[in-house]
Amino acid sequence: MTVNLPPVYEPKEVEDKIYQFWLDNNYFYAAGEEGKKTFTIVIPPPNVTGSLHMGHALNNTIQDVLIRWRRMQGFDTLWLPGTDHAGIATQNKVEEHLASEGLSRYDVGREKFLQKAWDWKEEYHGRILKQLYKLGVSCDWSRERFTLDEGCSRAVREVFVSLYEQGLIYRGNYMINWCPRCHTAISDIEVEHEEKPSTLTHIRYQGIGWEGSIVVATTRPETMLGDTAVAVHPEDERYRHLVGKKVLLPLMNREIPIIADEYVDPSFGSGAVKITPAHDPNDFEIGLRHDLEVIKAIGDDGKMTPEMGKYAGMDRYEARERVVADLKELRLVEKIEEYSHAVGHCQRCSTEIEPLVSLQWFVKMKPLAEPAIKVVRDGKIRFIPERFTRMYLNWMENIRDWCISRQIWWGHRIPAWYCSCGEMIVSREDPERCPACGGKDLQQDPDVLDTWFSSALWPFSTLGWPDKTPDLEHFFPTSVLVTGYDIISFWVARMIFMSKAFMKDIPFEEVCVHGLVRDALGRKMSKSLGNGVDPLEVIEKYGADTLRFTLITGQAPGNDQRFRYENVEASRNFANKIWNASRFVLMNLEDFQPNGLPSALNRHQRWILDRFAEAVHQTTELLKKYELGEAAKVVYEFIWGDFCDWFIELSKVSLYGNEDQEKEKTKAVLYYVLEGTMRLLHPFMPFISEEIWQHLPRGDGDGALIRSPWPEPAEQLSDRLAREEMELVMQLIRSIRNLRSEIGIPVGKKAAVILRAPAKYLNLLRQEEVFIQRLAWVEQMTFIDNAERKPSQALTALVDEVEVYLPLEGIIDLAQEISRLEKELQVVEKDLAKVVAKLSNENFLQKAPGDIIEKEKNKQEELGLKREKLLARMAELKKL
RNA sequence: GGGCGAAUAGCUCAGUGGGAGAGCACCUGCCUUACAAGCAGGGGGUCCGGUGUUCAAAUCACCGUUCGCCCA
């Protein structure tokens, strides 16, 4: 065959074509073969709000590496793709879009709004799919799902109703986090806390029926309008006598009681705290314990409620200033101090959260959390790296009830109906009439469920649950979940408890946790900073393989990484290196027909096969441990270091020579290693590896690399002798190059070299002569054995027991050479001293393992020999 | 306040008990018929500080410093 590949790799010419080839041949399809061992991943469904960012690129690349590897290993492999409807996020986007036309969602109405949201979904869903194609992911697109599709919706309703029937879902007036901008309740974990400078205002409340007053401190003076008590610690001597007495709430002129509660920290501020049950989670709890009145001072819109007298309708921040001003006027402000405290913000829009009491739906968490804690404690689900187990348990063990209702329209509508007679119906089927009064005037609850409610069911809803489908039977539980640490509590934890509750099983066996992709300066990529890097742009410019390799090698399990173009370029260069090595091999494989490995391999051939076997072994072991970055580096080093720098260079001797038999053997090994290397590389760089593989003169003619077997670590290829001999040869070549460079002989200028070695090495050296000459640019090579006289005017080096001489009659600067050797001697002596110290340590000899002692002894011998030879050479030179 | 993590070459980071590594950057020399996105050679480190465990510590434990994240 003739090969005419361009010298620079062009991903654009290759990637789309190859992806289409995979799609056309249905290579991503999971057959679901009975009895075959499965490997399943469900994708963390990207939000249909926008486009994929670098974090998605990393997340999906990791999954694709694992999937491609396992597929090649022969597993019945399913990677199930899909997208998430992303309730609040998408709703916000659509509302923004409406706002640009001067409309609100109420202007268009629920039905039309939902139609717009679906349109939005269609558009962005298409965009996301295109991005995933570009990245090269091998998802089974025939099984793609969406959290709001018919099947997922049925699963959601089944779970909701079932939990309700078990008493694990309830509706009630409790403290929730309210986002005044999104105009909805959100769960605790959707609140982001940020430490902010603030003030602590000390306010004096006058006693009623007793002389004196009591001072309370607050960061939110405006909430005092809703105070219904002042609390002190029961043991606090300063206030004990006041418990049960009353104070006058200024501005509102309401009488409120002084109560005693353990919660109060006597050492904070004055030791007395104002209690606003409607606007503080802790105060709410205290209010329940003491049966306090709940007075809402701030409404859903973030403005003061109509009951707040002159403050009614005022924005909460404006009210804060006015309240303080008014209190000052009454001389009731004791002092205002600088203070720093954490303020909650909405995860979606960064608006300050308002804690308030509201009628919402909740999931009772304790009974669900327990089994979810147990499966992780018992090791049934393993987090990688292991430290994330503690993060998970820490969260699960301190879990509080989950507020699941959202006052938006885009999502799974809560399956509860209210009859005019007061009856509430929670049902799997939409009810026709009220079971209590028979009336037909039923109103469905307008709210929808938290997005994470549906994603919590993702591993089984996508496989067909609540139906008993073959896929569910075959592929569940899934093998591994790949996700960023930032959504362990949002998603991972919830999948675990939902799966335990409804599948009576774990959703996945392992959780592979990765970090965030940050910008080059280590900052989180964000829209507001504008420092995000679009994966598509990188793919456009450098190719998907390059992006994938950059992300994978930049990643250590669970750690964040920085995205830097220097690294992208390094990966691009690697791709080009692979391309050119393959070009070289292909150019030399004309008329070649693969027919397995030839017998009677020479040293180089045995060596590269040994290195290949080792690379296969290491890569496989590292992949098993989810050390993808290290695995990719092993492949990198094998290809660039062993294969390109050494084997290809060595192979040129026979390829350009006249011995046909050697030539054929070399071709066979080049083919064997390149073909195997493409398989090893494929999970990391699927496009270039498939492209090259398709160019190989394979006997079978068709097929695809993606469906080829993973290279097995081959014990019979391991060859210790070849390894050791080649180590010596390579070291010799390096030291000759080093000597040449030391005195500035350019590569183009051939040099003469004399090797002086004990007889046992001469055979090896003679066999390698022509290779050493080529790789070290040596013209004339002379061998002498230890008995013969050595050259005097020469630079020297020592490799094992072989002395290397670079004769330089008349050129050599004796003094300089002696000082060079002197320096080397110092290093040797320092190392030797360390070894001697170890070996003369009784404890070391007694307690260290045998192989370590053996190693040290060898080292001692080696260094001792080197020292002697250096001294001898120096003495000779000094005589001259 | 509770939990977790990080600190290693100029930069970005691998490396979890036995001779300090990579990529990039830097210096020197090279268009050597696969590749200048390349080849060859080189310089450069108190592995944050301290204490301890161990025959042996970048690695394990404890304390401290600095930085980051999560939770309250």
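Only heavy atoms go into these numbers, but all of them, side chains included; no hydrogens, no water, no symmetry mates. Below, chain A is the first sequence line, B the second, and so on; all start at residue 1.
Separating the CD atom of Glu566(A) from the C1' atom of A22(B) is a distance of 15 Å, rounded to the nearest angstrom. In this structure, Trp395(A) atom CH2 and C71(B) atom P are separated by 10 Å, rounded to whole Å. Atom-to-atom, CG of Asp486(A) to C1' of C70(B) comes out at 11 Å; the value is rounded to the nearest Å. Straight-line distance from the OH atom of Tyr565(A) to the P atom of G23(B): 22 Å, rounded to whole Å. Atom CD1 in Ile852(A) sits roughly 14 Å away from atom C1' in U54(B) (whole-Å rounding). Look at NE2 on His514(A): it is 18 Å from P on C69(B), rounded to the nearest Å.
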| field | RNA chain B base-pair string [pairs: Watson-Crick or G-U under 3.5 Å; |: paired with another strand] | value | (((((((..((((....[..)))).(((((.......))))).....(((((..]....)))))))))))).

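G43(B) and C48(B) have their P atoms separated by 23 Å, with the value rounded to a whole Å. Comparing the P positions of G38(B) and G21(B) gives a spacing of 23 Å, expressed to the nearest Å. Between G41(B) and A22(B), the two P atoms lie 13 Å apart (nearest whole Å). The C1' atoms of U51(B) and G45(B) are separated by 24 Å, rounded to the nearest whole Å. Using atom C1' as the reference point in both A34(B) and C27(B), the two lie 28 Å apart (nearest Å). Spacing between U16(B) and C47(B) at atom C1', rounded to whole Å, works out to 13 Å. Between C60(B) and G5(B), the distance separating the two P atoms is 11 Å to the nearest Å. Comparing the C1' positions of G1(B) and U54(B) gives an interatomic distance of 36 Å, to the nearest angstrom.
When each of Leu589(A), Leu696(A), Ile639(A) is paired with Leu674(A), the side-chain contact (heavy atoms from CB on, under 4.5 Å) condition holds for Leu696(A) and for no other.
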Between the protein and nucleotides 11-15 of chain B, list every N/O to N/O distance that falls short of 3.5 Å.
from: C11(B); atom 1: O2'; to: Arg564(A); atom 2: NH2; distance (Å): 3.2
from: U12(B); atom 1: O4'; to: Arg564(A); atom 2: NH1; distance (Å): 3.3
from: U12(B); atom 1: O3'; to: Arg562(A); atom 2: NE; distance (Å): 3.1
from: C13(B); atom 1: OP1; to: Arg562(A); atom 2: NE; distance (Å): 2.6
from: A14(B); atom 1: OP1; to: Asn559(A); atom 2: ND2; distance (Å): 3.0
from: A14(B); atom 1: O2'; to: Glu630(A); atom 2: OE2; distance (Å): 2.1

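Closest approach to the Arg400(A) side chain among C55(B), G23(B), A72(B) is made by A72(B) (side chain taken as heavy atoms from C-beta onward). Set against G19(B), C55(B), C4(B), the side chain of Arg390(A) has C4(B) as its closest nucleotide. Taking every side-chain heavy atom of Arg734(A) into account, G41(B) is the closest of G23(B), G18(B), G41(B). Each of G18(B), C55(B), G5(B) was ranked by its minimum atom distance to the side chain of Arg387(A); first place goes to G5(B).
When ring centroids are compared, His604(A) and Phe771(A) come within the 6.0 Å threshold.
Ring planes of Tyr656(A) and Phe584(A): perpendicular class, angle over 60° (limits at 30 and 60°).
Residues meeting the side-chain hydrogen bond (donor to acceptor under 3.5 Å, both in side chains) test with Trp395(A), sequence neighbours left out: none. Evaluation of the salt bridge (Lys or Arg N to Asp or Glu O under 4.0 Å) rule for Glu262(A) yields no partner, not counting sequence neighbours. By the ring-ring contact (aromatic ring centres under 6.0 Å, His included) test, Phe284(A) pairs with no residue at all, sequence neighbours left out. By the salt bridge (Lys or Arg N to Asp or Glu O under 4.0 Å) test, Asp401(A) is found to be paired with no residue, residues two or more places apart in sequence or in another chain being considered. Shown here are the salt bridge (Lys or Arg N to Asp or Glu O under 4.0 Å) partners of Glu779(A), two or more places apart in sequence or in another chain: there are none. The salt bridge (Lys or Arg N to Asp or Glu O under 4.0 Å) test applied to Asp645(A) returns no partner, not counting sequence neighbours.
For the residue pair Leu628(A) and Phe684(A), the shortest heavy atom distance occurs at O-CE2, 3.9 Å.
Applying the ring-ring contact (aromatic ring centres under 6.0 Å, His included) test to every pair with at least one member in residues 538-558 of chain A, sequence neighbours left out, gives these pairs: Phe549(A)-Phe574(A).
Toward the 5′ end of RNA chain B lies the nearest nucleotide of Asn394(A), the other residue of the pair Asn394(A) and Glu862(A) mapping further downstream. Residue Ala570(A) is the one, among Ala570(A) and Lys524(A), whose nearest nucleotide of RNA chain B lies closer to the 5' end (criterion: closest heavy atom).
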| remark: Letter by letter from the 5' end, nucleotides 25-38 of chain B scores (B base, S sugar-phosphate only, - none; protein heavy atoms under 4.0 Å) ----S--B-BB-BS

N/O donor-acceptor pairs under 3.5 Å from side chains in residues 843-867 of chain A, not counting sequence neighbours:
from: Arg867(A); atom 1: NE; to: Glu829(A); atom 2: OE2; distance (Å): 2.8

Using atom types as modelled, flag every donor-acceptor pair under 3.5 Å from a side chain in residues 483-494 of chain A to any protein atom, sequence neighbours excluded.
from: Tyr485(A); atom 1: OH; to: Asp560(A); atom 2: OD1; distance (Å): 2.8
from: Tyr485(A); atom 1: OH; to: Asp560(A); atom 2: OD2; distance (Å): 3.1
from: Trp491(A); atom 1: NE1; to: Ser455(A); atom 2: O; distance (Å): 2.9
from: Arg494(A); atom 1: NH1; to: Phe490(A); atom 2: O; distance (Å): 3.3

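Residue Ala848(A) is in base contact, counting any heavy-atom pair closer than 4.0 Å across all strands shown.
OP1 or OP2 of A72(B) sits under 4.0 Å from a side-chain N or O of His193(A).
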